[in-house]
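Only one structure is covered here, and it is reproduced in the block below.
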Amino acid sequence: MDKNIHVPISREDAEGLRAGDYVYLTGTIYTARDAAHKRMKETLDAGKELPLSLDRNVIYYMGPSPAREGRPIGSAGPTTASRMDKYAPELLDLGLGAMIGKGKRSPAVADAIVRNGAVYFAAIGGAGALLSKCILSSEVIAYGDLGPEAVRKLEVKDFPVVVVIDSQGNNLYETAARAYAKEG
């Protein structure tokens, strides 16, 4: 089922999604990859405040290429989400509403998604140039010294994603693998 969601994502919207749903996100999302997550963890461990509110916000695991003239951002495809698995449960427990990436997540992340009424979306890998057309603006808000891995605030319109792990713990990858195994 196709759904349009305004982000940050409310708990009610997240809980209304099911694994396999096609979703178009409009509003504000943030980018953060490995280095930014490491720095956020160090910030939290030092008892300091993060450079962005996690309250039902969405983090997109992406590091863009340089923007072409007249565009707010370059190619903006997802990176492998499992690299952030050691950080994600704590961020979800602190209020993160959703994550966007590609690939599988650990059981600890899936448990944290359910515990917090959150969701894990996948964006299409290899389609970064197309995805960038849904990004209206891009602004570095933290860790600018990390270059493409800096935390960015993005304004998006109809950004296409698929629900992989829903707030009930249903996992599209596991469902698809079981269905494929039955056919084989």
Check your understanding: What do the steps show when you test Met40 against Leu91 for side-chain contact (heavy atoms from CB on, under 4.5 Å), and what is the final call?
Key -> CA-CA 9 Å; Met40 286 192 285; Leu91 297 180; 4.3 Å; yes
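- Heavy-atom minimum distance, Pro78 versus Ala123: CG-O, 3.5 Å.
- Identified under the salt bridge (charged side-chain N to carboxylate O under 4.0 Å, His left out) test for residues 156-171, with sequence neighbours left out: none.
- With hydrogens and angles ignored, the 3.5 Å screen pairs a side-chain donor or acceptor of Glu149 with a backbone N or O of Ala35.
- Glu155 pairs by the salt bridge (Lys or Arg N to Asp or Glu O under 4.0 Å) definition with nothing, not counting sequence neighbours.
- For Asn57, the side-chain contact (heavy atoms from CB on, under 4.5 Å) partners at least two apart in sequence or on another chain are Pro8, Tyr30, Ser53.
- For Tyr87, the ring pair (Phe, Tyr, Trp, His ring centres under 6.0 Å) partners at least two apart in sequence or on another chain are His37.
- Side-chain heavy-atom separations under 4.5 angstrom define the hydrophobic clusters, and the remaining members of the one that includes Ile73 are Ile5, Val7, Ile9, Leu17, Val23, Leu25, Ile29, Val58, Tyr60, Met62, Ile100, Val119, Phe121, Leu131, Ile135, Leu154, Val156, Phe159, Val161, Val163.
- Asp85 is linked by a salt bridge (Lys or Arg N to Asp or Glu O under 4.0 Å) to Arg105, counting only residues two or more places apart in sequence or in another chain.
- Heavy-atom neighbours of Leu94 CG from other residues, nucleotides or ligands within 6.0 Å: above the threshold of 12.
- Counting only residues at least two apart or on different chains, no ring pair (Phe, Tyr, Trp, His ring centres under 6.0 Å) pair has a member in residues 93-114.
- At a cut-off of 3.5 Å, with distance as the only test, no side-chain donor of Arg39 or Thr43 sits close to an acceptor on the other residue.
- Contact detail for Pro72 and Ala67: the closest heavy-atom pair is C-CB, 3.9 Å.
- When the salt bridge (Lys or Arg N to Asp or Glu O under 4.0 Å) test is applied to Glu42, the partners found at least two apart in sequence or on another chain are Lys38.
- Applying the salt bridge (charged side-chain N to carboxylate O under 4.0 Å, His left out) rule to pairs touching residues 62-76 yields nothing, sequence neighbours excluded.
- For Asp111, the salt bridge (Lys or Arg N to Asp or Glu O under 4.0 Å) criterion is met by no residue, not counting sequence neighbours.
- Legend: side chain to side chain donor-acceptor pair (under 3.5 Å) pairs involving residues 116-137, not counting sequence neighbours, sorted by first then second residue: Asp93-Asn116.
- Between Ala142 and Ala150 the shortest heavy-atom distance is O-CB, 3.6 Å.
- The backbone N or O of Ser75 lies less than 3.5 Å from a partner atom in the side chain of Ser65, making a donor-acceptor pair.
- Asp45 meets the side chain to side chain donor-acceptor pair (under 3.5 Å) test with Lys41; sequence neighbours excluded.
- Side-chain N or O atoms of Lys102 include none that pairs as donor or acceptor with a backbone N or O of Gly126 at under 3.5 Å.
- Counting only distance, with no hydrogens or angles, the side chain of Ser167 and the backbone of Val114 share no donor-acceptor pair below 3.5 Å.
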